[in-house]
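First the structure, in the form of structure tokens, and then the observations on it.
Residue numbers begin at 1 in each chain, while the letters A, B, ... track the order of the sequences.
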Amino acid sequence: MFPAAAKRDGVLPGFRLGLGYTLTYLTLLVLIPLAGMILFTGQMSWGDFWATASSERALASYRVTFGASLGAAAINALFGLIVAWVLVRYPFPGKRFVDALVDLPFALPTAVAGITLATLYAENGWIGQHLAKLGIQVAFTPLGIVVALIFVTLPFVVRTLQPVIEDIEAEVEEAAATLGATRWQTFTRVLLPGIFPAWLTGFTLAFSRAIGEFGSVIFIAGNMPLISEITPLLIISKLEQYDILGATALAVVMLVISFVMLLVINLLQWWAASRHAKSRDGDAPADAADALAIAGGRP
Amino acid sequence: MSIEIRNISKRFGNFVALDNLSLDIPTGELVALLGPSGCGKTTLLRIIAGMESPDGGNVLFGGEEATHVHARERQVGFVFQHYALFRHMSVFENVAFGLRVRPRKARPSEAEIRERVMNLLKLVQLDWLANRYPSQLSGGQRQRIALARALAVEPKVLLLDEPFGALDTKVRKELRRWLRRLHDEMHISSVFVTHDQEEALEVADRVVVMNRGRIEQIGSPDEVYSSPASPFVYQFLGNVNVFHNRMHGGWAEVEREGDAPGAGSIAFVRPHDIDLDAAPISGGMKAVVSHVHRIGPLVRVELEHEAETIEVELTRERAANLELSAGRTVWFKPRQAKVFAVGAAPAPAPKQPFLF
């Protein structure tokens, strides 16, 4: 009766158009530039590439970049969870204001953030002078890089976790309590598994953003080669010396490392989600059959 | 274990949820807390469970003070209306949860946990679903898992908050019979909250009818239905026709609500306590049939009598004999009525469900 409708396999229209658009968009914006970069490095010989990519200065910069990013993302994962939890669960005066504060690092030009943090944490800065008495130097050290990255990536974990925490039913916690679970057991066994995939997403976003961060870091890092020089800065300095090939070589290395790390995190996420992914689809059997089953047997 | 509730009060802001309420629940009874939404029945259940703390009064478990004992230590099983199963855990793990979170010393061995969980799953007839996840189950199955989970910790008291409220009628009927049998086998005290009078009357040993934070009546299902203590109970338990004032013997004297107030009493007549006849009967009143609804074995007839609607329930047979159809003139006569003096008992609030 409806031949046209019969051919379609879904209810939602526009699958082909939608997919086509998505692929074109991603190809134009992501794939072509990245592929171009990799092709461009093809002009280098393998030996040249390797020499550039594995120079002492480059290796140190990878360590600084990925190490600081991982540290910042991990710290934000922990404290972002607390911030998100507090913002969702507890009413307090000025909550909206605090909630709005979380987004500020997104809006602020990163260079401004970098300069502000550098001033605060410098040896004569408001915070830096107190830390200096304790023998802790933040500005112009790798620690400063971590501080800048924490600031810049703060919103990611908080914003990905908030809706998921809002979704948790209070009844689930009450159920756990009546079954004899302590608060800690309820948190680790009931709540955490539910928010874990979103938590990992927040961590990944924060981590990726930190790897690419440039503006805020260069002001606070001190940028000493081998100690506090990040890879993006190394790339810029190569470009300034018209060593375009060298810059691309480093970029390709960053790309590969980032890709592998994101892939690993994604696999982890997929694994975490698939443990109960089965439960998301799958039609519930009819209640009528259920009733018959009870009627048929003894309790 | 017996539960005693002494002078419990609870407010939420200006709203009085429970008003100085006392109730005894003896060991082994299945008690229904019945009332319209907002009457405080769920709040009372949550106070018994320790999820809510009362503003005043005491809760005693087996004679022991338990008002401020944490929910964790009360040894109650709680079943929620919307199941509250742990989504990321399999059915097996959901049921095992209460055993796994025990302190190491009190925790059964893995083999023991396995055995106990599987026994409970057999009890609820869902052992074949042990490895599924909650969202793969139907509503009725989920609620049975929730029940198995609550029973796993061997509670002394089982509390159920509208346990079948989210299920469809057929499953609901099966499950409540099944709950009754389960309760008899487990030898525990059970309290369940419901707004469905049929459910309360069918399942419970005793029914506690609540309204506006107070208890209206406590009694066996038969007592509360056949001798309601107040107009509220009368109206809440089943359909009813309400007649206002001028009640002295002759039915011709009766007027319907909407008449000038001030006179002495209200009469309640159940729709199935009214006789209908096609010819004039002594003491009967004349009315015109406005609607005839055939509902399964019953026929519900709406009559127009002096611009008032009266509801009558008949058997199919009787209705067929009378050849009832809209527009027909009939005579009706209440077989029995319950009369409450206005003022002696609180008059029914206009917002309460009038099941016409």
Side-chain angles (χ1 to χ4, degrees), chain A residues 91 164-200 268-299, chain B residues 46 49-51 70-90 97-103 123-126 132-142 144 146 149-150 152-153 155 159 161 167-168 170-175 177-179 181-182 185:
Chain A
V164 184
I165 296 174
E166 269 165 19
D167 257 5
I168 300 174
E169 306 159 82
E171 286 189 348
V172 169
E173 284 167 67
E174 289 171 347
T178 57
L179 290 168
T182 60
R183 279 170 186 271
W184 178 246
Q185 284 171 323
T186 306
F187 181 73
T188 54
R189 290 172 183 235
V190 176
L191 303 181
L192 209 51
I195 62 176
F196 187 71
W199 202 17
L200 214 52
L268 192 63
Q269 208 169 8
W270 174 79
W271 168 81
S274 73
R275 282 199 311 167
H276 59 109
K278 283 182 280 180
S279 52
R280 290 208 192 116
D281 45 40
D283 290 352
D287 259 325
D290 185 34
L292 288 177
I294 311 168
R298 200 198 64 96
Chain B
R46 290 172 60 85
M51 291 172 191
H70 192 274
R72 194 186 314 134
E73 278 125 32
R74 288 204 187 195
Q75 292 185 287
V76 297
F78 201 100
V79 176
F80 296 84
Q81 180 177 5
H82 297 290
Y83 329 122
L85 292 174
F86 307 132
R87 273 187 283 185
H88 61 280
M89 291 185 202
S90 66
F97 183 82
L99 300 172
R100 291 206 196 280
V101 295
R102 284 191 181 170
L123 183 73
V124 298
Q125 299 170 5
L126 291 176
R132 300 271 190 98
Y133 283 84
S135 50
Q136 294 172 292
L137 310 182
S138 70
Q141 290 169 336
R142 281 183 219 182
R144 282 190 278 159
R149 182 180 68 176
V153 293
L159 306 171
D161 183 11
L167 305 171
D168 65 58
K170 191 168 166 59
V171 180
R172 192 153 54 187
K173 283 192 173 163
E174 294 297 343
L175 274 184
R177 263 167 230 162
W178 174 82
L179 172 70
R181 281 184 282 170
L182 194 72
E185 281 177 27

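- Looking at Phe86(B) and Leu191(A), their side chains never come closer than 4.5 Å, going by heavy atoms from C-beta outward.
- There is no contact between Thr186(A) and chain B, counting heavy-atom distances below 4.5 Å.
- With contacts defined as side-chain heavy-atom distances shorter than 4.5 Å, the pair Gln185(A)/Arg100(B) does not qualify.
- Tested against Glu171(A), the residues Tyr83(B), Phe78(B), Phe80(B) include a single side chain to side chain contact (heavy atoms under 4.5 Å, CB included) partner, Phe80(B).
- For Ala150(B), the part sitting under 4.5 Å from any heavy atom of chain A is the backbone (N, CA, C, O) and nothing else.
- Here the shortest heavy-atom pairing between Leu179(A) and Val101(B) reads O-CG2, 3.8 Å.
- Contact annotation for Ala170(A): neither backbone nor side-chain heavy atoms come within less than 4.5 Å of a heavy atom of chain B.
- In this structure a side-chain-to-backbone donor-acceptor pair under 3.5 Å is missing from His88(B) to Leu192(A).
- Shown here for Ala175(A) and Ala84(B), the closest heavy-atom pair between the two residues is CB-O, 4.0 Å.
- Contact of Arg172(B) with chain A is not made at all, since no heavy-atom distance falls under 4.5 Å.
- Using a 4.5 Å cut-off between heavy atoms, Leu99(B) makes no contact with chain A at all.
- Tested against Thr178(A), the residues Arg74(B), Met51(B), His70(B), Arg72(B) include a single side chain to side chain contact (heavy atoms under 4.5 Å, CB included) partner, Met51(B).
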